[in-house]
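Computed from heavy atoms alone, side chains included, the values below leave out hydrogens, waters and symmetry copies.
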Amino acid sequence: MKPITVMTIFGTRPEAIKMAPLAQELARRPQINALCCVTAQHRQMLDSVLDIFQLKPDFDLDIMELRQTLSTITSKCLLGMEDVLSQAKPDLILVHGDTSTTFAGALAAFYHQIPVGHVEAGLRTYDKWSPFPEEMNRKMVGAIADLHFCPTVANRDNLARENITQNVFLTGNTVIDALKTTVVENFTFGEEVLNRLDYQHKRVILVTCHRRENYGQPMTNIMTALRRVADAFPDVELVYPVHLSPVVQEAAHKYLDNHERIHLIAPLAVDEMHNLMARCHLVMTDSGGLQEEAPALGKPVLVLRKETERPEAVAAGTVKLAGVEEGDIFSMASELLSNQEAYNQMAHAVNPYGDGHACRRIADAIEWHFGLRDAAPDPF
């Protein structure tokens, strides 16, 4: 049989981190003609990931614009995909997770009657406003998709509740595959302040906060709590790579500037982020990806949100929901910084998200679906 053409579509940094190792795995398969299309919903942050994984896109829509809206992102993706899909004529489109690129890519494929595979399928909060717009993006992609690649059993069960039971594969999360490439022992950071930190005698807290549903009062509460943590614990160094969103930049600098142990730095390349995570003491974040990555490195995570679509980590004990109230965030961070037993329970819990072979399982499932191999992959 002639090779099948499989096109990966992604546009943001988190998507790129999780799709790059899959794109590499597909490219290694003789029976797959692997193509890559990026929308550049995030331009600078996306490019840094492409460089680290030495991935060169076949198509680049370059849609990013200043203060872009959800409507402009979606419409520009849809229009841009017209020529790409007409030219490439892929047998399968792969999208990841829950971004606007993900939804627009899946919708464009549907309009062209091209099958869709959804990587990281089945995550749900069951609140369409949180995370916004991600919860509805992934639900709509789930309705369009033909192949569903679920990281965990809970994700698979979510799809079953929506009567999606065909072509559902339990794979683990591709981000664990990515960590095998990026984390190294003697890493030198491009951000010089990270090279100067005393990781042995100081407790470094890695912070990220950028989600749209946290704009406004929740973000104010989070920033105020972070400063309280730094004030209360003299051995804590707080490192916050600040998202490029003007809203996030304004809040971070308003509440966290002018503190000798709070380091507001530019967004980090994925290898720098992963190696900082491997060296830090604790992660405080509203990011989805960090909830999966940090437990694989033995780091407790406090989630700066009211809910999470990753309940497996909460059940496993690697993640706790800190919410968006200043007092709650400060209290939970203080417990982990004051109670070694509580810290150890989280740090030593088993990561539920993967074994580093998700990309192989996804590629095997695609080949099996198209009749290029005899058996479906064993589930994670």
Side-chain angles (χ1 to χ4, degrees), residues 13 17 44-45 48-49 51-52 175 178-210 222-244 248-249 251-287 289-304 318-319 322 329-330 332-340 342-344 346-348:
R13 169 197 164 104
I17 293 170
Q44 181 181 344
M45 293 189 288
S48 70
V49 179
D51 289 343
I52 288 161
V175 76
L179 288 171
K180 295 191 300 183
T181 299
T182 55
V183 175
V184 295
E185 185 173 349
N186 297 315
F187 186 81
T188 300
F189 293 95
E191 175 63 59
E192 190 54 39
V193 68
L194 301 181
N195 292 320
R196 295 197 300 266
L197 289 176
D198 184 353
Y199 297 97
Q200 289 188 327
H201 301 99
K202 296 286 189 178
R203 292 186 289 181
V204 175
I205 298 178
L206 170 60
V207 173
T208 74
C209 180
H210 71 279
I222 290 167
M223 300 301 169
T224 307
L226 292 173
R227 194 173 187 101
R228 281 182 65 188
V229 170
D231 286 339
F233 295 90
D235 67 333
V236 160
E237 300 273 356
L238 198 149
V239 178
Y240 181 4
V242 184
H243 195 278
L244 296 177
V248 179
Q249 289 274 337
H253 287 286
K254 179 177 180 180
Y255 294 99
L256 299 177
D257 266 349
N258 302 314
H259 193 296
E260 63 179 0
R261 287 179 289 103
I262 298 178
H263 310 283
L264 303 181
I265 62 175
L268 294 173
V270 60
D271 55 344
E272 293 199 297
M273 178 64 89
H274 286 173
N275 281 279
L276 175 58
M277 203 183 312
R279 289 157 177 77
C280 78
H281 182 75
L282 168 66
V283 175
M284 299 175 68
T285 184
D286 64 0
S287 163
L290 266 65
Q291 295 176 52
E292 300 151 351
E293 295 162 346
L297 298 169
K299 309 300 176 179
V301 180
L302 293 182
V303 178
L304 306 174
T318 63
V319 162
I329 296 168
F330 177 76
M332 294 182 74
S334 297
E335 181 185 20
L336 291 177
L337 293 167
S338 305
N339 185 334
Q340 190 63 43
Y343 178 88
N344 289 341
M346 292 187 72
H348 299 152

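- Scored by the side chain to side chain contact (heavy atoms under 4.5 Å, CB included) test, Ala294 finds Met277, Val283, Lys299, Val301 as partners (sequence neighbours excluded).
- Judged by distance alone, with hydrogens and angles left aside, the side-chain atoms of Arg279 form a donor-acceptor pair with the main-chain N or O of Asn275 at under 3.5 Å.
- Atom-to-atom distance recorded for Leu238:CG and Met284:CE is 7.5 Å, nearest 0.5 angstrom.
- At distances below 3.5 Å, not a single donor-acceptor pair connects side-chain atoms of Asp271 with backbone N or O atoms of Thr182.
- When each of Leu336, Leu302, Val229 is checked for a side-chain contact (heavy atoms from CB on, under 4.5 Å) with Ile205, only Val229 meets the rule.
- A donor-acceptor pair is defined here as one N or O able to donate and one able to accept, closer than 3.5 Å; such a pair exists between the side chain of Arg203 and the backbone of Leu337.
- Looking at residues two or more places apart in sequence or on another chain, you find no salt bridge (charged side-chain N to carboxylate O under 4.0 Å, His left out) involving Glu293.
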Could you give the side-chain donor-acceptor pairs of residues 255-268 under 3.5 Å, partners two or more places apart or in another chain?
{"residue": "Asp257", "atom": "OD1", "partner": "His253", "partner atom": "ND1", "Å": "3.0"}
{"residue": "Asp257", "atom": "OD2", "partner": "His253", "partner atom": "ND1", "Å": "3.4"}
{"residue": "His259", "atom": "ND1", "partner": "Arg261", "partner atom": "N", "Å": "3.1"}
{"residue": "His259", "atom": "NE2", "partner": "Asp231", "partner atom": "OD1", "Å": "2.8"}
{"residue": "Arg261", "atom": "NH1", "partner": "Ala230", "partner atom": "O", "Å": "2.9"}
{"residue": "Arg261", "atom": "NH1", "partner": "Phe233", "partner atom": "O", "Å": "3.1"}
{"residue": "Arg261", "atom": "NH1", "partner": "Val236", "partner atom": "O", "Å": "2.8"}
{"residue": "Arg261", "atom": "NH2", "partner": "Ala230", "partner atom": "O", "Å": "2.9"}
{"residue": "His263", "atom": "NE2", "partner": "Glu237", "partner atom": "OE1", "Å": "2.7"}

Could you go through residues 186-198 and list every donor-acceptor pair under 3.5 Å that involves a side-chain atom there, pairing it with any protein atom two or more places apart or in another chain?
{"residue": "Glu192", "atom": "OE1", "partner": "Asn195", "partner atom": "ND2", "Å": "3.3"}
{"residue": "Asn195", "atom": "OD1", "partner": "Phe189", "partner atom": "N", "Å": "3.0"}
{"residue": "Asn195", "atom": "ND2", "partner": "Phe189", "partner atom": "O", "Å": "2.9"}
{"residue": "Asp198", "atom": "OD1", "partner": "Gln200", "partner atom": "N", "Å": "3.2"}
{"residue": "Asp198", "atom": "OD1", "partner": "His201", "partner atom": "N", "Å": "3.1"}
{"residue": "Asp198", "atom": "OD1", "partner": "His201", "partner atom": "ND1", "Å": "3.3"}
{"residue": "Asp198", "atom": "OD2", "partner": "His201", "partner atom": "ND1", "Å": "3.0"}

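- Counting only heavy atoms from C-beta outward, the side chains of Val303 and Asp286 never approach each other to under 4.5 Å.
- In this structure, OG on Ser287 lies 7.5 Å from CE on Met273, to the nearest 0.5 angstrom.
- For the side chain to side chain contact (heavy atoms under 4.5 Å, CB included) test, residues two or more places apart in sequence or in another chain that qualify with Asn339 are Glu335, Glu341, Ala342.
- Rounded to the nearest 0.5 angstrom, Glu292 CD and Leu297 CG are separated by 12.5 Å.
- Counting non-hydrogen atoms of neighbouring residues, nucleotides and ligands closer than 6.0 angstrom, the NZ atom of Lys254 reaches no more than 12 such neighbours.
- When all heavy atoms of Pro300 and Ala347 are compared, the closest pair comes out as CG-N, 3.9 Å.
- Summarising the geometry, atom CD belonging to Gln44 is positioned 5.5 Å from atom CG belonging to Leu244; distances are rounded to the nearest 0.5 Å.
- Residues passing the side chain to side chain contact (heavy atoms under 4.5 Å, CB included) test with Gln340 are Tyr343, Asn344, sequence neighbours excluded.
- Put simply, CD1 on Ile222 and SG on Cys209 are 4.0 Å apart, with the number rounded to the nearest 0.5 Å.
- Distance check: Tyr240 OH to Leu206 CG gives 11.0 Å after rounding to the nearest 0.5 Å.
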